[in-house]
Amino acid sequence: MKTYILPFLIILITVFFITSRKNTELTSSFYHWENTYKQKETKEKLYIKILEITYSTQLEPIRTVFKTKADDYSIPTIYITNKTMKNVDYSKILKLIENELAKLNFKYNEIQIDCDWSLSSKSNYFNLLKNLKEKSKKTISATIRLHQIKYYSKTGIPPVDYGVLMYYNMSDIRNPKTKNSILDNTVAKKYHYNFDTYGLKLKLALPLYSQAIQFRKEDALSIFEGVEKTDFDNNFNEISLNTFEVLKSTYFKGRYVYKGDIFRFEESKIEDIQIALNDFVKLSNNSFNEIIFYRLKYKNKYKLDVLLKGQR
Amino acid sequence: MILRILTILTSINILLFACGGGWDYSLKQFNFLEQRETPFSNYSDNLNYSRIYNDIHRKYQNTSKEINIQFWQKKLDSNLTKKEVEEIVYNLKYLELVNNQNIKTYLQFIKKQEINVTNDYYTNEELENIISDSLLIQEALENISKVNESWLKVRYFYIALRLAHYSNNKALKIYEKYNYLLKNSDDILAKDWIHAIYAGALIKNKNIVKGVYEFSKLLDKERINWHLSFYNFHQIKSNEQWKELITLTKNNDEKIKLYTLRALHKNSNVIEELKNIYAIDKNSKWFDFLLFRQLSHSQHFFNQYEIIDRKFQTQAFIDYLNTIKKDDMYIVNLSLSYFNLYKNNIKISKNISKNLLERYPNNHEIKTLDYILTLHSLKNIDLETENKIHKNMTNLILEHKHESNYINDYTFVILEKLYKKQNNLFKAFLSKNINNLEQRNFNLKIMNQFKEFMSNKTESKMEEYLKKIYYDNKYIVKENNKYYLSENLKKTNLKLLINNQKFEEALTVDSLYLNEKLHYNPFNVYIKGNNKEGKIEIYTLKEFLKKIVFIKKELDKKPKNPMNNYLYANVLYNLSYFGNSNIITTSYRSSNYFSQKELELEKINKSIHFYKKAIKYSKIKEFKAKITYLLAKNELSLFDIKSSQKAQYVSTEQVSYYSFDRAWRYSKDKIYKKYVNNGYGEFFNNLEKKYSNTKYYKELINECANLRFYKKIKR
């Protein structure tokens, strides 16, 4: 009889652990992704972009200007283009990051790195992460794209403490045929593989923004972030669902647009965000209870507390 | 220090797409146009790229510093060197050389207020002792009255205005009161700085349209801070502001500048803006300026590795430009000729260039266009054509001072294509590698052809030119009027011979590399990994080669000797990608890729052949068990090579690189399954069947992960 007690106990504990975890409330946090930080009072946990590192013929850092002091233990986040990782030795990038972190006016325990690495930049990028961890002695997290989970055996798993799955920017924004580059759950489903064996614990990042892409002769020119569908009520002709043509050259949202230019309106609808969240919860058995929303300035767009309630 | 901070005047809007540096169009590979003096002419890409802004700003800083030093040299003492002037003005050194007390006071004042207007690094102590802006402004204004020198008054005016602007302290009032000082001033630098601060102060004071209008006046090659005209133009955000801006202009030139500034935005529809300008003044220089920038931008056409479809509206430009009638049609026709070339309308393009050449026979830009068209008209290549091209190319290069090698480099781009078309792969290789004869691009055949080419007499001027370039770049050396390989290429040659198992021939190469020690013993094999156990430097390359040549000769005499068969097989395995001495066969070794698949296959197949002979003629069971295991290792390598695929990103034209699953995957279960399912595993099976009672097998079970994987899959 005694021999059955131990396995039974293990099963019981496991079931308890799983069910209790599933019932845990989800919490929210936000990305602050501007070039100037001027928040006065924040109650939210923030991941603050402090630096963008791009590369042309040399390193081109773009630093966030802090007009106010950020809350202690916000998470400094650094965006690095893949081109940078392909062209610059990690030690130089590390030096730049260290210098920037040293200037911060708030305390932090974690650093997040955002880079859409590729096979050719993988080794350099992973070296950067390893060395950043060693030198900073902080928690290091890294953003992960959907394709990097599906193909992780090739793309590798970054050597960090945990990953943040960016559940947006999933289709080619420049392609005029794309329906919604921000969040398209049909596209996302194509990447629902290997979550069970992926070697990093994940947080989920979800989009809150809307935008319009400006095209001329099928060439994607720029993004108009934060526009609403009603912005296209005047001086535009809706030529197909969410696609608008400029009728007369004019200033639009602060920029000059020309007759004949085409705009594709995209938004992250609450229904789609809900599906994305549900799918992630079902898929991932190794995740945190925290959802990071991109980005802070749209935090009031939807009732996020309702969205998160009862997901686990 | 004065000059470093002007940009704080402006709220520069460096546009970068959310979540990324985004669509960074890289630099052009070729540009056959001459540089222009008009502001922004030589920057045809997005002016909001940080790379471009930083470059413009750096140049502005350097130029204004130089002008400032010249200015101070006149005011201090023309006998002082520029370096001395720089030390005096910027670092307050050698002040004893300054006789005028007013100047000394001014320079010290500049230093005193520096902390208030720059964002350089300052200590906490310095920051605590900062003097208030108001006091400094007051002191600067008082000094305007105190000093007698009119130029010093202007400089104090500038300092006061800047302090006031930065601290939002009635800058416009100061400007109104003291701008009379500028009337007779020849201090162009201070005048331009003051103008920009005045424009910035207007914007800060919510008079945005007037501020932008004042900034737009700086769009002039004579103004030092011309870049501010564009980098403040984004402040115009509505139709109402635009209309108001237009009403402020006093003449057509000012009005056209506004359209020009709007057209400089990366997303502007330049043809529409050209139409707007043409309607106001068809002969405006700004029309030519905008068109030139488009022409310059369009030279991306010549990029050889274009991954972006730039969607340049070539035909729309041709259609529009064909309707233009200006007094000076130079830029229009130059553009039309290039645009027609892009559309492959060579005949039309040539006609236009011919007319241009008749009109401007000594114009280098047109001669270059004509040369490019000649290159594009070539259908095939022979020695006579080589000579003609060489003559035209060298004439063009020599007649004009060039800051780039575009003409030379593009010539060889075209030549490479022609040689390839004619299946002259060796000359295509030479053309491709004209500037960078990369060791990794050689294979043995090309190396032999290259050696022959170097030692043979040249048949054309172009061949002579190629040799000269290789010689100048130290790829080859010259002795007694004969060319030889450089040490680097000798090393490459040596490695290629070893990779091709031409060991005896390798010994004859006169290279210092032969004296280098090998890091591992190529005759040794271990259970673990790639035989790299314990770095040990026993042999020089020469000693290794002598030994392997000896073993091969012995094998030819006594082919049934098990030990020699075994040692020879070990060497072949160790020279492969999977062994411990692969580095002596290749110039570029990656842990994830191997090159020259056929040679890898050959080495492994031969290794298997000699191991099989060794096992056949050996009578010692333990030895046989070891050889069987080595055969299994070889078989696994064979599987990897056969299932490998060409890696797109690292392969070059001459040498392909291959990747295989086992080099990448974290979990190897699937790969071993594939290995078993494809009929591999003969030697792992033999090990278990025939040698499971050997000591070696027991050691294997503990040490060899491959065998454990195999057994696991087989179960």
Side-chain angles (χ1 to χ4, degrees), chain A residues 31 33 35-36 49 52-58 60-62 79-84 103 114-116 118-120 123 143 152-157 166 168-169 173-174 197 199 209 211 214 216-223 225 249-261 294-295, chain B residues 11 13-27 45 49-55 119 121 234-242 262-263 265-273 276 308-313 316 590-592 647-650 659 661 664-668 670-671:
Chain A
Y31 278 111
W33 210 265
N35 288 344
T36 306
K49 187 200 75 178
E52 285 186 30
I53 307 176
T54 64
Y55 175 84
S56 52
T57 50
Q58 57 184 15
E60 304 282 4
I62 301 166
Y79 173 74
I80 309 169
T81 62
N82 190 31
K83 190 175 172 187
T84 309
K103 290 184 205 159
D114 178 18
C115 175
D116 189 2
S118 58
L119 289 185
S120 54
S123 152
T143 53
Y152 76 85
S153 57
K154 275 212 164 175
T155 59
I157 298 176
M166 285 174 55
Y168 50 94
N169 274 357
I173 197 169
R174 287 170 292 186
T197 54
Y209 59 100
Q211 63 189 15
Q214 181 191 9
R216 186 174 303 141
K217 310 276 181 199
E218 302 218 318
D219 189 13
L221 298 178
S222 69
I223 302 167
E225 210 200 294
S249 299
T250 181
Y251 277 91
F252 173 66
K253 294 284 164 189
R255 290 182 240 173
Y256 199 67
V257 299
Y258 294 81
K259 185 184 171 186
D261 287 353
Y294 184 86
R295 51 194 176 161
Chain B
S11 53
N13 182 20
I14 303 294
L15 285 175
L16 286 160
F17 286 125
C19 264
W23 314 336
D24 185 4
Y25 290 59
S26 56
L27 297 168
D45 279 340
Y49 279 156
S50 44
R51 159 174 63 83
I52 293 189
Y53 172 75
N54 289 341
D55 191 46
N119 52 6
Y121 176 76
H234 68 276
Q235 305 271 2
I236 298 299
K237 292 176 188 296
S238 70
N239 293 327
E240 292 70 31
Q241 284 178 316
W242 172 257
R262 192 167 74 181
H265 190 274
K266 73 180 175 79
N267 291 336
S268 70
N269 186 332
V270 177
I271 293 179
E272 289 306 308
E273 299 295 8
N276 290 332
I308 303 160
D309 178 9
R310 293 179 189 279
K311 298 190 173 76
F312 183 76
Q313 304 295 310
S590 156
S591 49
N592 295 319
Q648 296 300 326
Y649 298 112
V650 283
S659 71
D661 284 348
W664 291 101
R665 290 202 188 264
Y666 279 47
S667 158
K668 299 196 178 357
K670 281 183 190 168
I671 305 165

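Only heavy atoms go into these numbers, but all of them, side chains included; no hydrogens, no water, no symmetry mates. Throughout, a chain's letter reflects where its sequence line sits, starting with A, and its residues are numbered from 1.
- Contact of B:Ile236 with chain A is made through backbone and side chain together, with heavy-atom distances under 4.5 Å.
- With sequence neighbours excluded, the residues forming a side-chain hydrogen bond (donor to acceptor under 3.5 Å, both in side chains) with A:Gln214 are A:Ser222, A:Asp261, listed by chain and number.
- The shortest heavy-atom contact between B:Asn239 and A:Tyr251 is OD1-N, 3.0 Å.
- Remark: B:Glu240 pairs with B:Ser238 by the side chain to side chain contact (heavy atoms under 4.5 Å, CB included) rule, at least two apart or across chains.
- Summarising the geometry, atom CG belonging to A:Leu221 is positioned 7.0 Å from atom NZ belonging to B:Lys266; distances are rounded to the nearest 0.5 Å.
- Annotation: maximal heavy-atom pairing with chain B below 4.5 Å, among A:Val257, A:Thr250, A:Asp116, occurs at A:Thr250.
- Top candidate by heavy-atom pairs under 4.5 Å with chain A, chosen from B:Gln313, B:Glu272, B:Gln241, is B:Gln313.
- In plain terms, the two heavy atoms of B:Asn267 and A:Arg216 that are nearest each other are O-NH2, 2.8 Å.
- For the residue pair B:Glu273 and A:Tyr256, no side-chain donor N or O sits within less than 3.5 Å of a side-chain acceptor on the partner.
- Between the NZ atom of A:Lys217 and the NZ atom of B:Lys311 there is a distance of 13.0 Å, given to the nearest 0.5 Å.
- Rounding to the nearest 0.5 angstrom, the gap separating the CG atom in B:Asn269 from the OG atom in A:Ser249 is 7.5 Å.
- The number of heavy-atom neighbours closer than 6.0 Å to NZ of A:Lys103, taken from other residues, nucleotides and ligands shown, is above 12.
- Here the straight-line distance linking atom CD of A:Gln58 with atom CG of B:Asn54 works out to 6.5 Å at 0.5 Å rounding.
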